[in-house]
Amino acid sequence: MTESLDLSLYAKPMADGTLGMELAVEGIACGGCIGRIEHAVKSVPGVTEARLNFTNRRLHVAWSPGLAEPAAILRALEDGGYHGHPFVPMRAEQQEAAEARRLTRCLAVAGFAAMNIMLLSVSVWSGNVTDITPETRDFFHWASALIALPAAAYAGRPFFASAWRALKSHSLNMDVPISLGVILALGMSLVETANHAEHAYFDSAIMLLFFLLVGRALDYAMRRKTRAVAGNLAALKAENAHRLIGDELVSVPSAALKAGDRVLVKPGERIPADGIVLGGKSDLDESPITGETARRDVASGATVYAGSLNYSGALTLKVTAAGGTALIDEIEKLLEKAASAKSRAMRLADRASRVYAPVVHLTAALTLAGWLIAGASVHDALITAIAVLIITCPCALALAIPAVQVVASGALFRANVILNAGDAIERLAEVDTVVFDKTGTLTLPEPRLVNAAALDPELLQMAARLASSSRHPLAVALSREATTRVPFDDAVEEPGQGVRARINGIDTRLGSPQFCDVITSNASQASAVCFRHGKRFAVIAIAQKLRPDAVDVVNALHGRGLDLHILSGDHVEAVAPVARALDIEQWQGGLKPAEKIACIETLKAGGRRVLMVGDGLNDAPSLAAAHVSLSPISAADVTQAQADAVFLGEKLKPVLDAIVVARRARKLMTQNLWLAAIYNAVAVPVAIAGAVTPLIAALAMSGSSLLVTLNAVRANGGAR
Amino acid sequence: MNVLVYLVPLALGLGLTGLFAFLWALRSGQYSDVDGAALRVLSDDDLHEASTTKD
């Protein structure tokens, strides 16, 4: 039966009447792919536009409605050796992209203004010690004002808006002293210029904005980059479901399923949406949901959950939850409770600004009062007080943390860790206890061959090649071992039993013991697959296998003084060997989601900062309850959404890297805050004494900003 | 010093031209695919198409 593909979920009408679609493209290797992909897609009749973005590996396609079908575009890519995964761009990603563009525009304006004003200011400074005429100086000051005022009004908006929001909610953030400093510096300079004074601070105000915008724009650029990668990975993970319309099968994206739809799930496929079994019999691997590795038999009337892997038979389902996944009620309740109970750790920057802002404002007020009492004129006292505000304007302080954050998230990105939450780095650094889930976290998400050493290599190769003819999950696991991926020509699959073929004229079978006529005594946790080639036979064990570097990573974590735990939903007999292999003494098995949370709460009550690493749907509430959380990319969508960061690949090393990078970043953040504090300790007395000239302000500001930025770059090393 | 009266605005005007050129480039998506742009320049598909249409 041929099955049509319905991609209407992804096709969006464009301004010029064509339909457009975004695809994440897999398999791009080099620059030559750009031409090949665009050429292949454009040669599909009806396609009007195909543009590949090489930076984020995305293809934009537009076609005339009715003239082309989107499935043909996917086929064209497939023929070229690429895989296209359509996706709907995420709202958060688009908002961040818009914000990043706005910041870049502000940065450009501030940069232009800072350069030109500095040119004029340097002339004034050198003129002041030589022979500049007051008229020329006034002219230069007015020219500076002409550039500075519109530029600050434009480039300062991100800070003014954020400061206004903070003030409206009766709180202080770093943007309040920044905005105040900039506005006062500009206002005072304008008054001074009108009075033909010697000094004006236009350059300080604009340079301040420029430096801060550099920090912010870099932050957004980094976030955009990781967001794009995360979006592509989500698109790659999205699966299609076989929807039954009458007797016809239509392939639709799982996200497009609605409650009440009927869906066919073939063996080896994942359940696309929560539902009730209407017909068929099979067994399901529900480890992505419960952590339990033993399979559950299901038949008509059973409730099944999205993400479970279907093993032996085809099932027909009635979808009960629209849009693919709904949460199991119990987990949803726990998740809500955990999220509301979680006191978000206050960010380092906010804590610093809460101390800093009042101190600065008080110092400025005291300076004003002090000079007035000492008998200075109101004008002079005011100027000195404003100079204090300008010189303390938290340029270095505001850069101290974002600069480290940018460099550290770059280092994490290279270590295959993608951050979801902005403050995850700070929280990761505080961790002293790591709680692992077992299934899919310490072990690989799919089962693997475990007794390779005990098998005859020739038989194993034959079995693995034969396995590639079947979609059964155990066969898929076995076929990973094959060196030749070409299936045997006459391989026939007997549903629910196995595969057979004639190899070199000898009857060869792979499958259940009965099918292969092999007697096994299987007492271990592994699933046994039997193989018979004439008289020779083998029993192949397939089971959950530890991630390749799990032992090393766990040892390294131990070495760093972290307390390690395993909390698994799988039964105790399955957890024990893993705990033993990894030498983790504190472990528990057979836990319900609520019991996992209880364990984490006990640890938290003991003053521990817990990092939870988990992937199952049953882990989602624990991830939310923990101080900070990590998920492998293979985790359930709901779980990933709860995690503060996601790690890629087969290795467990990113967990270690994340902690190492975060700890170094945290150290640098504190260092930077101290650097900024020392700078203020030196500069503020000078300002209070009234000895600050615009030249000193400019040198102090750029010097301290440069210092913290250079220090931040040190967060880069050591993630290898 | 009267020369400054028109030299300073002239310099500013040149700077502004650069600024607007950058803003235009940003808006028209010149920075949306930096890696791709570096590679596209090496592709000579367009030349090939032009020469085949001439034949």
Side-chain angles (χ1 to χ4, degrees), chain A residues 28-39 42 51-60 97 100-117 119-120 123 127 131-140 142-144 146-147 150-151 154-155 217 221 224-225 228, chain B:
Chain A
I28 299 176
C30 65
C33 296
I34 301 177
R36 274 200 291 278
I37 288 174
E38 290 183 352
H39 191 73
K42 273 183 190 154
R51 177 97 187 163
L52 182 79
N53 186 325
F54 190 78
T55 314
N56 56 24
R57 313 278 150 122
R58 288 175 179 180
L59 178 71
H60 172 79
R101 268 198 303 277
R102 193 166 77 104
L103 280 173
T104 317
R105 282 200 301 271
C106 288
L107 180 66
V109 170
F112 158 80
M115 281 191 285
N116 283 287
I117 296 174
L119 187 79
L120 296 167
S123 317
D131 59 348
I132 195 169
T133 61
E135 294 76 35
T136 315
R137 188 168 61 212
D138 277 354
F139 171 64
F140 276 24
W142 281 119
S144 301
L146 188 74
I147 307 166
Y154 183 79
R224 252 180 97 185
K225 193 168 147 192
Chain B
M1 279 300 172
N2 286 338
V3 69
L4 287 174
V5 174
Y6 64 87
L7 272 186
V8 169
L10 192 69
L12 278 181
L14 283 174
L16 275 177
T17 318
L19 177 65
F20 283 119
F22 176 75
L23 291 179
W24 167 82
L26 199 64
R27 179 160 319 168
S28 60
Q30 308 275 331
Y31 290 93
S32 61
D33 180 17
V34 188
D35 296 349
L39 294 164
R40 272 173 206 278
V41 95
L42 300 174
S43 134
D44 47 7
D45 284 2
D46 43 351
L47 291 180
H48 185 67
E49 271 168 34
S51 61
T52 45
T53 46
K54 246 180 252 171
D55 291 343

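Sequence lines set the chain letters: A, B, ... in the order given, protein chains first and strands last, and positions in each chain run from 1. Excluded from the calculations below are hydrogen atoms, water molecules and symmetry mates; all remaining heavy atoms, backbone and side chain alike, are included.
- For a residue to count as touching a neighbouring chain, one of its non-hydrogen atoms must lie under 4.5 Å from one of that chain's; by this rule A:Leu146 does not touch chain B.
- Contact check for A:Arg105 versus A:Tyr154: side-chain heavy atoms found under the 4.5 Å cut-off.
- Proximity to chain A is absent for every atom of B:Leu42, based on heavy atoms less than 4.5 angstrom apart.
- Contact of A:Asn116 with chain B is made through the side chain alone, with heavy-atom distances under 4.5 Å.
- Contacts of A:Arg51 classified as side chain to side chain donor-acceptor pair (under 3.5 Å), with partners at least two apart in sequence or in another chain: none.
- Within the 4.5 angstrom heavy-atom criterion, only side-chain atoms of A:Leu120, from C-beta onward, approach chain B.
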Would you tabulate the side-chain donor-acceptor contacts of residues 18-28 of chain B under 3.5 Å, counting partners in other chains and residues two or more places apart, or write 'none'?
from: B:Ser28; atom 1: OG; to: B:Trp24; atom 2: O; distance (Å): 3.1
from: B:Ser28; atom 1: OG; to: B:Ala25; atom 2: O; distance (Å): 3.3
from: B:Ser28; atom 1: OG; to: B:Gln30; atom 2: NE2; distance (Å): 3.4

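- In this structure, the side chains of A:Phe139 and B:Val8 come closer than 4.5 Å at one or more pairs of heavy atoms.
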